[in-house]
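Structure record follows, encoded as structure tokens.
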Number of protein chains: 2
Amino acid sequence: MELTQHEVADRLGISRGTLHRVLSGSPLVKASTRQRIEKALSEIGYSPNIIAQGLRTGRTRTIGLIAIGDAKISEMEKARAIHEAARLRGYSLVLTYSDGSAEGEARCVDELRSRKVDGLIVTGKGRLQDSAHFKKLIKARVGLVAIAPIATLETDCVVVDAPWAYGEMTRHIISKGHRDIGLLLEDIQSTYAIAKEKGVADALAAAGLPVNKDWMLRVPVRVRREEADKVRSVSDYRMGYDGALKFFAMSRRPTAVICQSDQTAIGFQHAAKLNNVDVPGEVALTGYDDIPAAEFARVPLTTMRQPEAELGVRAVELLMRRMEGDWSGFPQMVVLRPTLIERESCSRPKSET
Amino acid sequence: MELTQHEVADRLGISRGTLHRVLSGSPLVKASTRQRIEKALSEIGYSPNIIAQGLRTGRTRTIGLIAIGDAKISEMEKARAIHEAARLRGYSLVLTYSDGSAEGEARCVDELRSRKVDGLIVTGKGRLQDSAHFKKLIKARVGLVAIAPIATLETDCVVVDAPWAYGEMTRHIISKGHRDIGLLLEDIQSTYAIAKEKGVADALAAAGLPVNKDWMLRVPVRVRREEADKVRSVSDYRMGYDGALKFFAMSRRPTAVICQSDQTAIGFQHAAKLNNVDVPGEVALTGYDDIPAAEFARVPLTTMRQPEAELGVRAVELLMRRMEGDWSGFPQMVVLRPTLIERESCSRPKSET
DNA sequence: ATGAAAGCGCTAACAC
DNA sequence: GTGTTAGCGCTTTCAT
């Protein structure tokens with residue numbers, strides 16, 4: 001069915017060497033020959049067997065993708081951009097998922113190594129449990145780009161400037177007249193969580209506002225795997241709900257709460273409604289990410305829109321450089337900034353004092 | 001670095017043939033020899049080169065995945081389940097995205113064919129624009145399972161029983177005392193949309209209720225690609241919003257509206273809020289899918305939870321059969337049923353008449 | 001029950 | 001400039 005180079009060469013009355021030179025764009029072919037062959041080639045509709053190429057060259061022109069942790073729509077958007085960027089360069093994507101456990105990660109790495117991928121991109125909100133597998137890869141000079149900051153791993157990464165983003169949101173809230181500002185994060189000490197905390201604290205300090213430790217709230221995540229056949233990522237919503245209740249139980253409450261994500265802010269709004277707390281009147285809120293639902297939340301969310309697609313594209317570009325053997329500046333960190341989106345969840349406080 | 005079968009055979013003092021027989025579980029090996037070799041093998045940590053296997057056998061043990069249309073969280077959940085099911089059988093996933101255009105689909109098919117995938121799974125809410133490429137595949141007896149009903153294509157598929165589901169929701173609403181029931185769908189004549197319409201109409205008829213044509217609303221989808229680096233699927237929310245306004249403009253309105261999706265119902269609620277229409281008091285609503293946000297909507301949504309993971313698993317199982325050469329019952333349709341989830345968006349109507 | 005050898009379709013090194 | 005050839009690591013057929 002599919003023609004081989006051998007057959008094509010015979011059919012055109014040339015040698016396989018010449019045919020290969022035409023295919024690979026080598027200059028060592030007479031222009032007239034090249035033209036004649038190229039024409040015939042497109043008529044025949046020949047395209048080389050990628051598997052054989054892979055065996056021969058040791059390069060498969062594939063990129064492995066590891067998605068860690070819960071399913072999130074943002075991963076989908078990144079993956080789409082990654083596919084597009086990779087495709088334009090002749091690369092395909094091999095997709096793997098890890099549940100976030102150390103074994104899950106090991107399985108992904110093993111699968112991708114056995115598939116002989118030329119490079120890897122790690123994404124997802126989960127943290128790396130066991131970096132041993134990854135360290136081995138890095139030592140072997142296999143390109144590995146993380147779309148997330150990974151403190152435990154010295155590798156290239158593409159990250160969002162979370163300290164700046166949370167500083168920006170803090171400044172925005174302050175500009176609205178708020179002085180009593182809270183922060184709601186999950187209780188996991190991820191690199192991003194620490195960065196977010198710092199972003200808020202620094203902005204508060206820069207504005208001469210005190211940091212109320214009680215309001216820098218950390219709430220445990222209740223992960224709930226529902227039926228065995230379902231993976232629903234409701235944990236962030238739930239965390240926002242739980243956090244809201246903790247804030248409501250305080251004798252003195254902030255007038256604005258910066259949330260870890262849009263889901264958190266939406267969960268917070270849910271609790272606010274059930275407790276007759278007005279948003280943004282009694283508590284202003286900001287989300288983070290600008291998921292599609294943010295615009296249609298009970299009170300539309302002021303939030304930071306993530307450059308999901310660009311994160312993916314930059315990751316591919318960086319990985320490409322490594323795969324071409326250019327290891328200058330390793331480990332490199334590409335930092336991107338999100339965009340403030342103003343909606344109704346964060347307005348000026350009711351005049352209190 | 002990686003050992004080859006040749007090297008391993010030499011090292012163990014056996015022939016490559018015998019080694020291969022051990023590896024492939026052939027019975028033509030003396031038990032003692034087999035044991036000795038297996039032990040040595042696991043010590044060495046040898047694993048065969050998948051690329052070379054692929055070249056030799058013509059089977060790559062890979063499944064191609066085509067995601068069509070906008071990024072949705074449900075695709076992510078399916079993909080995760082597909083990966084798990086495939087991995088357990090020694091298969092890997094090659095991921096491609098189509099923007100929903102005919103060219104996008106052609107590119108995906110070409111990419112996967114050039115990668116020599118053993119089978120394909122098509123998923124996503126978009127419809128197939130041009131089925132010519134796919135028809136070619138099917139004719140060539142390449143396994144192709146669609147996780148969606150594709151009217152224009154005779155192939156295996158795994159689908160949700162939408163007529164039943166929408167009938168079920170209709171019966172649920174009727175049981176709550178509603179008699180004036182509307183349906184809100186996008187204006188695209190997809191197989192699912194037609195099925196949903198029929199499900200509602202049949203249930204209404206079965207209950208002896210008249211079908212009000214004006215209330216079987218079809219609303220155009222406003223697709224909005226925001227910045228070039230973003231793919232945000234807000235179209236479904238927007239459609240719900242638009243649809244709500246149309247309902248509100250009617251002189252006589254239904255007391256309950258069945259929506260195409262949770263996003264649609266959430267968009268509807270948004271419009272209801274802005275127009276001071278009480279949900280569920282003045283209009284009860286049902287969603288569809290049970291996305292994570294459904295539980296945390298302004299009014300938590302009564303909806304139908306999709307068996308996303310099972311859809312993926314069943315697709316892999318069916319594809320597996322085809323890849324093994326078992327074409328019995330082609331084209332086969334696997335039908336799965338979603339589960340009714342009761343929340344607050346759909347209660348009994350305010351007593352009218 | 002085991003060993004030897006011939007390719008799968010391609011690339012790269014070497015001849016002419 | 002062009003043709004020839006030797007493998008990449010594996011599976012499969014044929015011999016023993």
Side-chain angles (χ1 to χ4, degrees), chain A residues 1-38 40-41 44-62 90-92 113-118 324-325, chain B residues 1-38 40-41 44-62 90-92 113-118 324-325:
Chain A
M1 174 103 203
E2 296 258 296
L3 262 62
T4 73
Q5 243 175 48
H6 191 109
E7 290 164 340
V8 173
D10 283 0
R11 200 181 282 205
L12 299 184
I14 55 171
S15 77
R16 302 197 258 152
T18 304
L19 177 54
H20 178 249
R21 263 164 235 134
V22 171
L23 254 13
S24 61
S26 153
L28 303 162
V29 194
K30 204 160 53 173
S32 62
T33 322
R34 141 156 286 133
Q35 283 205 323
R36 186 174 61 85
I37 297 179
E38 276 175 347
L41 239 33
I44 294 173
Y46 166 82
S47 63
N49 181 319
I50 286 187
I51 308 301
Q53 277 181 333
L55 176 60
R56 180 60 231 232
T57 60
R59 305 183 61 238
T60 54
R61 299 186 74 80
T62 54
Y91 280 73
S92 288
R113 279 179 69 111
S114 80
R115 289 284 166 192
K116 302 265 184 291
V117 297
D118 298 330
E324 283 160 3
Chain B
M1 174 101 203
E2 296 259 295
L3 261 61
T4 73
Q5 241 174 53
H6 191 108
E7 291 165 338
V8 172
D10 282 2
R11 199 182 280 206
L12 299 183
I14 54 170
S15 77
R16 303 198 256 153
T18 304
L19 177 52
H20 177 252
R21 263 164 237 134
V22 171
L23 255 13
S24 62
S26 152
L28 304 161
V29 194
K30 204 160 54 175
S32 62
T33 322
R34 141 155 286 132
Q35 284 207 322
R36 186 173 61 83
I37 296 180
E38 277 175 346
L41 238 34
I44 293 174
Y46 167 82
S47 63
N49 181 320
I50 285 188
I51 308 302
Q53 274 181 335
L55 176 60
R56 180 61 230 239
T57 59
R59 306 183 62 236
T60 54
R61 299 185 76 78
T62 54
Y91 280 73
S92 287
R113 277 179 70 109
S114 79
R115 289 285 166 192
K116 302 262 184 294
V117 296
D118 298 330
E324 282 160 6

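Per chain, numbering begins at 1; letters A, B, ... match sequence-line order.
If you take NZ on B/Lys116 and CG on B/Leu55, they are separated by 10.0 Å, rounding to the nearest 0.5 Å. From B/Arg16, atom CZ reaches atom NE2 of B/His20 across 11.5 Å, with rounding to the nearest 0.5 Å. Between the CG atom in B/Leu3 and the OH atom in B/Tyr46 there is a gap of 8.5 Å [rounded to 0.5 Å]. Note that the CD1 atom of A/Ile51 and the CZ atom of B/Arg59 stand 13.0 Å from one another [nearest 0.5 Å]. How far CD of B/Gln53 is from OG1 of B/Thr60: 11.0 Å, rounded to the nearest 0.5 Å.
Axis angle across the helix from C/dA1-D/dT16 to C/dC16-D/dG1, with five pairs used at each end and values rounded to 10°: 50°.
Residues A/Ala52 and B/Leu28 each lie close to DNA chain C; by heavy-atom proximity, the contact nearer the 5' end of the strand is made by B/Leu28. Across the interface with DNA chain C, nearest-nucleotide mapping of A/Ser47 and B/Ile14 shows B/Ile14 to be the residue nearer the 5′ end.
Computed from coordinates, the A/His20 NE2 to D/dT5 C1' distance equals 14 Å when rounded to whole Å. Counting to the nearest Å, the C1' atom of C/dA6 and the NE2 atom of B/His6 are 15 Å from each other. Rounded to whole angstrom, the span from the CZ atom of A/Arg59 across to the P atom of C/dA12 amounts to 10 Å. Rounding to whole angstrom units, CG of residue B/Leu19 and C1' of D/dG9 are separated by 12 Å. Taking atom CZ of residue B/Arg56 and atom P of nucleotide D/dC8, one finds them 16 Å apart after rounding to whole Å. Rounded to whole angstrom, the span from the CG atom of B/Asp10 across to the P atom of C/dG3 amounts to 11 Å. The distance from atom CG of A/Leu23 to atom C1' of D/dT2 is 16 Å, rounded to the nearest whole Å. One atom, NZ of B/Lys116, and another, C1' of C/dC8, lie 12 Å apart when rounded to the nearest Å.
Phosphate contact (OP1/OP2 of D/dG9, side-chain N/O of B/Gln53, threshold under 4.0 Å): absent. The phosphate of C/dC10 (OP1 or OP2) has a side-chain N or O of A/Tyr46 nearer than 4.0 angstrom. For C/dG3, one of the phosphate oxygens OP1 or OP2 lies less than 4.0 angstrom from a side-chain nitrogen or oxygen of B/Ser15.
The side chain to side chain donor-acceptor pair (under 3.5 Å) check on A/Ser15 picks up A/Thr18, with sequence neighbours excluded.
One donor-acceptor pair, N or O on each side, does fall under 3.5 Å between the base of C/dG3 and the side chain of B/Arg21. Taking only distance into account, the side chain of A/Arg16 never meets the base of D/dG3 through a donor-acceptor pair shorter than 3.5 Å.
Counting any heavy atom pair closer than 4.0 Å across all strands shown, B/Thr33 reaches sugar-phosphate atoms only and no base atom.
Distance from the side chain of A/Leu55 is smallest for D/dG9 among the nucleotides D/dG9, D/dT12, C/dT11. For A/Thr18, counting side-chain heavy atoms from C-beta on, the closest listed nucleotide (D/dC10, C/dA12, D/dT2) is D/dT2.
Salt bridge absent: A/Arg11 and A/Glu7 never bring a charged side-chain N and a carboxylate O closer than 4.0 Å.
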Chi angles and distances behind the side-chain contact (heavy atoms from CB on, under 4.5 Å) call for B/Arg61, B/Ile50 | CA-CA 9 Å; B/Arg61 299 185 76 78; B/Ile50 285 188; 5.8 Å; no

